[in-house]
Every structure is written in structure tokens, then in C-alpha cells.
Amino acid sequence: MNIDELKNFEKPPQSYWMASTPETEYPVLNEDLKADIAIIGGGITGVLFAYLLGKEGLKAVVVEADRILQATTGHTTAKITSQHGLIYSKIKNQMGEEFAKQYADANESAIRMIGEIAKENSIECDYVSQSAYVYTLQNEYVNKISDEAKVASSLGIKAVCLDKTPLPFPVKAAVRFDNQAQFHPRKFLLPLAEKIAGSGGQIFEQTRIVNIEEDDGYALITDQGKKITAHRVIIASHYPCYNKTGLYFTRIYSERSYVIAIKAKEKYPGGMYITAEEPGRSLRSQISDDGELILVGGEHHKTGQGADTVKHYEALIDFADKTFTLEDIPYRWSTQDCMTLDGIPYVGHFTSKTPNMYIATGYGKWGMTNSMASAMLLKDLIVNGESPWQDVYNPSRQTIVASAKNFVVENFNVAEKLIEGKISPLPKDIDIKPGEGKIIEANGQRAGAYRDEQGTLHVVDTTCTHMGCELSWNSAEKSWDCPCHGSRFSYEGDVVEGPAVKPLNAHKDVNTIEKLIKDHF
Ligand code: FES
């Protein structure tokens, strides 16, 4: 196939992890329930945490708005590594050596724990030990790479600085961490979910929590009006679904990034890679039933602010084409990550005023080990009252000197997008071809119109149901995305990603809009 044929995006995106595993079918919650521990969110964190609690003899209820292990967990690159870019020098400089040590210990322990759980439960999950590399093609990053190797080594990580890697192109420098790993996340987690459900825990799918009230502990209200009364609540819903306190929406922003799974003529040289600089590029391989896939990732941008999102897949294809002899691209997918102001996740007590409410979020693209570390940390807080890593992950940490600037930048950006969305002029071109989505004016108001491949027009009110920002069209995933806090909606208006919990209003007057478009031409 030539490069233009490979850039044909007619087929919708699909992740290899999703395509190679069965869908789950846990029930919808259809009655009120009492539980000791309720976990909101059935991603990797919720499942690992419920599993660890089960080992302590504690039963948890996991509630998932959609299907478990599908959202970010089903759309990752699945690297099990404590190497999160050049993070150790950054934490040491901004927060001190003790915090850097806690972060290193947490993530190295997480690597070991994932291996142990897979072994203990005889889970076949394509687990392979690998080295992880951060490399640079730029001279100005060479010292940063060598500093990272020194700091990481001083924290007990097996790290070494190199001037070449096994990749088929020269680099200026690289830092390699040994004893890291890769796996198939759903092959690992689906059996654990079955174990939870089979040992007294409960999992409910397609059950969205739309409100949390204080009521003899907490009362979680579902979108179907049912109530879960729980003594302890863990919010592991990716972007927190509770905003009455904690102001998390002022200190988390959402980013999207992209992956293509390619087939190449040459064999992949082994290892997991990421660039130190922009544009970010990530590489690893995966054995599939149909031979070797190479996962090429990168191209991050703030959700709802990525311009023509199809261009991000094209950029990855161009990179893959320069690096390997590209034969096919059987899978491509994108994902969403929650980012914190200082790059360290928020894991621990939700706030000091919400006893028995906990949070785990903000993994900043490093969710495989951070989720395992979070599950271990939260289990320790609940069972022992403390964790050796609680300070570095503390959601209320006071070490945010460096991130005070980021707080201003991020919140200015939200305010700017809120205003810009309301006043920016509407496009004059209102022709909408099949597969195309656009903001148009309908009856004097902004509306989002998408014409599906069969020619049917779908029109929604593009005001985000979270806090009122105006949505933008994501051409790669055919969704309406919010530039403020990252909520996403299908072209029919259903919530795809929170923090929004309510769907968009559908425009009732689609026929009038269709007539308006016809009259215009
Ligand atoms: Fe907050 Fe849209 S996600 S306004």
C-alpha cells in the first residue's frame, strides 16, 4: 500500500486491545444498594483497587458509566514503566529528593506488583520484560538526559546513559531503564474483574453516577435514579465526576494523543521508547495473532483544541513511514489523559473536609504503573491509615510553587475558551458533506451539525453541559469535544467522557436546518 492509501481514514478508529478481547456484559444497577466501599470508575484503577481490597477480605462495588476497561485503559500504549519522560530530575528540583524517591519507589513497586499478580493468577497477558528508553535528537537535551540517568540511579532505579539505542536511526543521547515491561492491559485486567465479581465484590456497567450526597456516609445517585449508600467512596472516574468541593476542575486539564499500530517489513528491534522533546513520539511492539505490530504514538494536544484532528494520525504515519518500511496500519486509536499542574497524579483523600472520600486521577499518560501504585496507596490508606507514598501523591500537597504559574495559565486558557466559543464568528460555509461535522447557525443560535455516511443530519446544542463552554468538532473521532475540561460527546449528544454527566440537547428542528442548508446552495 502506498502512503496515500494508508492515510485513508474511512474505517472508524479501533484499538488493538479492544479488537483482540471480548466485550464485557456486567449488569446495570437497577435497585438501591448498600455497600461498605463504592468505587466510581471501572478502569484499570478501579479494577486493581477492588482486586487488592478483595485480597484483604474487603468487598467493593465498582460502578462504571459505560463498559469496564474500555476508555483510557482500552486505548493505551500499555507500557509498564517507572520511566515517565524526564520526571525524576523535575520532581527532585521542584519538590525535593524525598518526593522523587517516593515516586520512584511507588512506580518500581507497581511494575513488580503487576508481574506478581499476573503470575499468582496464571494470567496470559503477553507480559514481556523490556528496557525503556527516553531518547533525544537535539543537542540541548543531552545534559538533561544524563542528569535524569544520574538522578534515577541515585533513587535506586537501574538507569544508564547511552549515545545510541537499538532503533534504526541515530540519537544524540538516551537514558535506559532496565527491568521494565509491557503487556496487553485487557488480557491482564478482564480475569481480575471476573475474580472480583466471583468473590463477593460487585461490578455494574452502564450505570453513571450523576450526583453524590452526604447521607450516613455517601449516597451515589445513578442516572437511572438508583442509590448506592456507601461508607467509603473512591472516585476513580478519570476526570473527577464530583465538583462540589476540591476545585479539581481548576487543576486538571485533559489531553488527547494518538496511536497507530503498523505492520512493517523489518523486525522491531525491541525496547520501549519515547522522545524527550517535542514532537513526542512513542514506540513499542506487540505480538498479535496476525504477526508483529509496532505501536507508534504521540501528537498530544489539549482536548477540544487540536484543530483538524485527522492531521495527528497523518503525522504519525509520516514518522512511521520514515522509520520503517510501512506495509499496513491495521489499527489506530486515540486516547484521553488527565494532566495535573505539576505532573504528579492526585491520589489520596479527596479533600481534608470529605472523610472517607478518596480520589485517584491525573496520571499524565503514565497510567499503567500509576494506577497500580494508586491502588496500592489507597488500599494502604484504608487498611493501615497511611502509605509510604502518600506525600508525593497527596492531592492537597503544598509543593505547588512551580505549578502556581501553570494554575494561572490553565485557568486563563479555560476562561479564554469559554469567551472565545461564545463570540467567535460562525462559518459562512454551511455545506455539510457525509462524514463531516461543523458549527452552524440555527435559528440565531450556535449548533453542531454532523452528516453521517448515510446522509442523515444530526444537530446538537454545542454548549457543554458541564460548565457551558462551546464544543469543537473532532474530525478523527467524530465527536464534540470541550476545550475547557475535556468532556466529549457523540455526534448524537451522548456523553463519551466526563466530567459532564448530562447529554447535549438534540436540536428538534433538524428538517428546518436541512432546508436552510439546501436554500443556501
Ligand atoms: Fe467543563 Fe465542558 S468540560 S465546560
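Everything numeric here is computed off the predicted structure, so don't read it as measured data. Read the numbers this way: they start at 1 and go in the same order the structure lists the ligands and their atoms.
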field: Backbone or side-chain N/O/S of C464 under 2.8 Å of atom 2 (Fe) of ligand 1
entry: yes

Which of the ligand 1 atoms, numbered from 1, are nearer than 4.0 Å to a heavy atom of C482: 2 (Fe), 3 (S), 4 (S)

query: Going by an N to O cut-off under 4.0 Å, is there a salt bridge joining D223 and K502?
result: no

query: At what distance is the nearest protein heavy atom to atom 4 (S) of ligand 1, and which residue and atom is it?
result: M467 N, 3.3 Å

- line: The angle formed at atom 1 (Fe) of ligand 1 by ND1 of H466 and ND1 of H485 is about (to 10 degrees) 90°

query: Taking the six-membered ring where the residue is Trp, are the ring centres of W333 and Y16 under 6.0 Å apart?
result: no

task: Mark yes or no: K302 above the aromatic ring of Y253, with NZ or CZ under 6.0 Å from the six-membered ring centre and no more than 45 degrees from the axis.
output: yes

Those atoms of ligand 1 less than 4.0 Å from some heavy atom in C469: 4 (S)

query: Ring centroid separation for H184 and W17, is it under 6.0 angstrom?
result: yes

- request: Taking only heavy atoms of S487 into account, list the atoms of ligand 1 that are under 4.0 Å away from them.
  value: 3 (S)

message: Centroid separation under 6.0 Å, is that true for the rings of F350 and Y242?
response: yes

